[in-house]
Protein chains: 4
Amino acid sequence: MMGIKQRRRREKEHRRRQILDAARELLFSKGLNAISVNQIARQAELAVGTIYFYFRSKEEIFAVLQEEGLELLLNDVHQALEKGTDAKESLHLIAQAYLNFSRDQKNYFDVINYFLSAADVMFAPEIKQQIDQHGNRILMVVEQALRDGIQQGHFKAMDTRRHALLFWVILHGLVPFRKMQDTLLAGDDHLAMYGFAVDHFIDGLKAF
Amino acid sequence: MMGIKQRRRREKEHRRRQILDAARELLFSKGLNAISVNQIARQAELAVGTIYFYFRSKEEIFAVLQEEGLELLLNDVHQALEKGTDAKESLHLIAQAYLNFSRDQKNYFDVINYFLSAADVMFAPEIKQQIDQHGNRILMVVEQALRDGIQQGHFKAMDTRRHALLFWVILHGLVPFRKMQDTLLAGDDHLAMYGFAVDHFIDGLKAF
Amino acid sequence: MMGIKQRRRREKEHRRRQILDAARELLFSKGLNAISVNQIARQAELAVGTIYFYFRSKEEIFAVLQEEGLELLLNDVHQALEKGTDAKESLHLIAQAYLNFSRDQKNYFDVINYFLSAADVMFAPEIKQQIDQHGNRILMVVEQALRDGIQQGHFKAMDTRRHALLFWVILHGLVPFRKMQDTLLAGDDHLAMYGFAVDHFIDGLKAF
Amino acid sequence: MMGIKQRRRREKEHRRRQILDAARELLFSKGLNAISVNQIARQAELAVGTIYFYFRSKEEIFAVLQEEGLELLLNDVHQALEKGTDAKESLHLIAQAYLNFSRDQKNYFDVINYFLSAADVMFAPEIKQQIDQHGNRILMVVEQALRDGIQQGHFKAMDTRRHALLFWVILHGLVPFRKMQDTLLAGDDHLAMYGFAVDHFIDGLKAF
DNA sequence: TATGAATGAGGTTTCATTCAT
DNA sequence: AATGAATGAAACCTCATTCAT
């Protein structure tokens, strides 16, 4: 029977999960900055060495966690796309989903941000590829919305790739301003600002 | 006499500068992540304790450095504004200045980013106020360009505050994608993408 | 039939070689201190456990490597003996061969030294015996040169065993001083010092 | 009063000693290989960081310990020199002192050896200088004995520096063969061999 | 025979901050 | 106002070896 190898692989996969569970648990209870490999090991009830048997480095664990986060985010965004009855509404829903995610899944959002803004974190190209590919899939959802809009005659012809990226940058870039409600936003409501930015973006797309 | 107190204040200010000089020196020679308080002390030829007499924490030093950075950035942005012959050109020049700053003054840009994205860093409100005020002044420059455009009849009427913020978010949010030239940008040139984003933003402003 | 057992033994020998090949490869590419059993296993494309099936410990692997080194050294020394036209010249050539070996086969020399100076490494007596036997054969070559010299009438009668050992000790002990060219040697040339030591030793042997 | 600074310096020196005492204690109880900085800290009842406040690295501690060892050795050797009534006897006594030291102060001897044979250990040149200088002083004692012998008419004229080094190399190189009493020495008594080597060296010096 | 997952103590070093002086 | 010694947790990672399969 082929059973033995398969069981082995299953068990190995199970350990990986166990470690990721521990890391995620810590991510959620203590936040991104409070995670050490020793803590992960303790939480997972495994030896430190075991962690390093399954993951090359601490950051590789983070990378997987980020992929998870991106996956969840992709899900949310995808559902937003489908819930919308037309392209404009889809974009609005996507934006809303994004903002919600940044609030409700703050920890995942932190991890995503960690890799997006950290200048120095350098990965083996293969890992980097994989991460960016997840980001790519999110972009593709936005692109889909844009293409839908064009087809529906609501949006002008455009480079959907670039517009999708721009859309994402706007959404993502606005999130941290929530902290500055009282200073930079000068009392302006963050949510309102956010909505305004989306509207403005969509306005720029409409066919005449 | 008031002389004594004044001298005292002057000397105190001098020490602060001494410390900041050291920190800046290190920032530029080693980068943001390689700075420790002990190193700053050594560089400043002061004792560690002295550092803590003049600054509550290491991050407070960074905060001041960030203000410096924002000041420089403000300068660049301001010059861009003035160099432009009309509002559209001004915005383009501002964008260009921003991108250049992120490249040429990478270290200052890192510090700025550090506070913008770091979720947890919590300051005494007065420091936070002061930092945000610097950001504010940059926003005001952008606002000025927008107001100019309106006055010149090139731009439609608008909430300049919000549009200025949006403009900044776009510029700022696009910078890190330089790293992803080969993945998320799918070979698209980062500079081109950046220019596109600016163009698109400006397009959305024009009066009909 | 004896065939099966023989095949078994052959295969076993083959595995051992496979492991030693891997270890040697690493010894030469990374140096003595950078070798871990896991690395050896990876290099040999075997499981770690397998390594431990064929060798009791990591040091046992090194021990075999040392034997190899001693074998090579023996070869060099032996050739030096034969190349010499008389005993004095032979000794000079041996000394030169030794010094060359310490430079050109630095890695093997390191392993040899490792066991010679490491105080604590304790082996099963049989391994120790075997290692020392290799050293013994080198000594015997030197002894041969000495005996030749006596027979040729160049050297006085002597305890060849002790003199051979003394010769070796001098050669071996001088090697590390290469590092101290500028300090302990006080600028004296290491090679010159080495030559001097050999000359002095030979001088002490001559018949009157 | 100047007292304060002096007291500070005294206390600092005291801490250094405290750390060295702990390190030495461990060196003697567990041997060279079993010393970790954490252990030193525990033994010294200090925090790990404190160790690093006083010493740049673990090896710097070893270096000081080695200097201590060399100092003791120098002492023994010096006394041997003075106890001898003539140069020949002095050399014999020095040799004996050396062998005794290698036995009685095995741990110090190990440290000395550690730096003498370790290929990779690299120091700041200043430390290296200081270490070698200690070695130098021992050499100078031997040289003194040689010069005495020349003056007394027992030894021929010679390069005392080189001969002293050679003498040391012989003594030092023979020590580890104590372990090989039953193999390489082929049953020959180590002490006898050692004595023989010294005799032979001295024989080579005599004036005719 | 051969596997390879698991161990876990151990390694060295850094660092922001405090506090007695 | 200034010093600088002291903290000690925390960081990440390695490695020889074992053992159940």
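Letters A, B, ... mirror the listed sequences (proteins, then strands); counts begin at 1. Side chains included, hydrogens not; waters and symmetry mates left out as well; all remaining heavy atoms used.
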K.L.:
Below 4.5 Å, heavy atoms only, C-beta onward: do C/Asn107 and C/Leu32 meet side chain to side chain?
P.N.:
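Side chain of C/Asn107 against side chain of C/Leu32, heavy atoms only: no contact under 4.5 Å found.
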K.L.:
Please give the stem ranges for DNA chain E, sorted by first residue number, where a stem is three or more consecutive Watson-Crick or G-U pairs and both donor-acceptor distances are under 3.5 Å.
P.N.:
E:2-21 with F:2-21
K.L.:
Flag the pair B/Leu27 / B/Asp110 as yes when at least one side-chain heavy-atom distance between them is below 4.5 Å, and no otherwise.
P.N.:
no
K.L.:
Distance check needed: E/dA2 C1' versus C/Arg16 CZ, whole Å only.
P.N.:
17 Å
K.L.:
Can you figure out which of E/dA16, E/dT13, F/dG4 approaches the side chain of B/Tyr52 most closely?
P.N.:
E/dA16
K.L.:
Does B/Arg15 reach the main-chain N or O of B/Tyr54 with its side chain, forming a donor-acceptor pair under 3.5 Å?
P.N.:
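Looks like no, no N/O pair under 3.5 Å.
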K.L.:
Starting at the 5' end of DNA chain F and moving along, which residue's nearest nucleotide shows up first, D/Glu11 or B/Tyr54?
P.N.:
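It is B/Tyr54, whose closest nucleotide lies nearer the 5' terminus.
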K.L.:
Give the rounded distance in Å between these two atoms: CD1 of B/Ile61 and P of E/dC15.
P.N.:
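Rounding to the nearest Å, CD1 of B/Ile61 and P of E/dC15 are 14 Å apart.
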K.L.:
Restricting to side-chain contact (heavy atoms from CB on, under 4.5 Å), what partner residues turn up for B/Glu25, sequence neighbours left out?
P.N.:
B/Gln43
K.L.:
Rounded to whole Å, please give me the gap between NZ in B/Lys30 and P in E/dC15.
P.N.:
11 Å
K.L.:
Over how many whole Å does the gap from C/Asn33 atom CG to F/dT14 atom C1' extend?
P.N.:
14 Å
K.L.:
Counting N and O atoms only, with roles assigned by atom type, does the side chain of C/Lys106 sit under 3.5 Å from a partner on the main chain of C/Gly31, one being a donor and the other an acceptor?
P.N.:
no
K.L.:
In whole angstrom, give the distance that lies between atom CZ of B/Phe53 and atom P of E/dT21.
P.N.:
19 Å
K.L.:
Could you check whether C/Lys12 gets within reach of a base, just the sugar-phosphate, or nothing at all, counting any heavy atom under 4.0 Å?
P.N.:
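Here C/Lys12 touches no strand at all.
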K.L.:
Quick check: do A/Phe55 and A/Val37 have side-chain heavy atoms less than 4.5 Å from each other?
P.N.:
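When only atoms from C-beta onward are counted, A/Val37 and A/Phe55 do not touch, as no gap falls below 4.5 Å.
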K.L.:
Can you tell me the distance, in whole Å, between the CD1 atom of D/Ile51 and the P atom of E/dT14?
P.N.:
14 Å
K.L.:
What's the shortest heavy-atom distance between B/Ala47 and B/Ala41, and which atoms?
P.N.:
C-CB, 4.1 Å
K.L.:
Map A/Ile35 and D/Arg15 onto DNA chain F by nearest heavy atom, then report which one ends up closer to the 5' terminus.
P.N.:
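With A/Ile35 and D/Arg15 compared, the 5'-side residue is D/Arg15.
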K.L.:
With the side chain counted from C-beta on, respond yes when A/Leu70 and A/Tyr108 share a heavy-atom pair under 4.5 Å apart, and no when they do not.
P.N.:
no
K.L.:
Would you kindly give the CG-to-P distance between C/Leu26 and F/dA16, to the nearest whole Å?
P.N.:
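Going from CG in C/Leu26 over to P in F/dA16 covers 12 Å.
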K.L.:
Could you list by number each residue of residues 36-50 of chain C showing a heavy-atom separation from DNA chain E of less than 4.0 Å, or answer none if no residue does?
P.N.:
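Heavy-atom cutoff 4.0 Å gives C/Leu46, C/Ala47, C/Val48, C/Gly49, C/Thr50.
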K.L.:
With respect to C/Asp21, which candidate in C/Arg17, C/Gln18, C/Arg24 satisfies the side-chain hydrogen bond (donor to acceptor under 3.5 Å, both in side chains) definition?
P.N.:
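Filter result, single survivor: C/Arg24.
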K.L.:
Could you give the CD-to-P distance, from B/Glu13 to F/dA1, as a whole number of Å?
P.N.:
13 Å
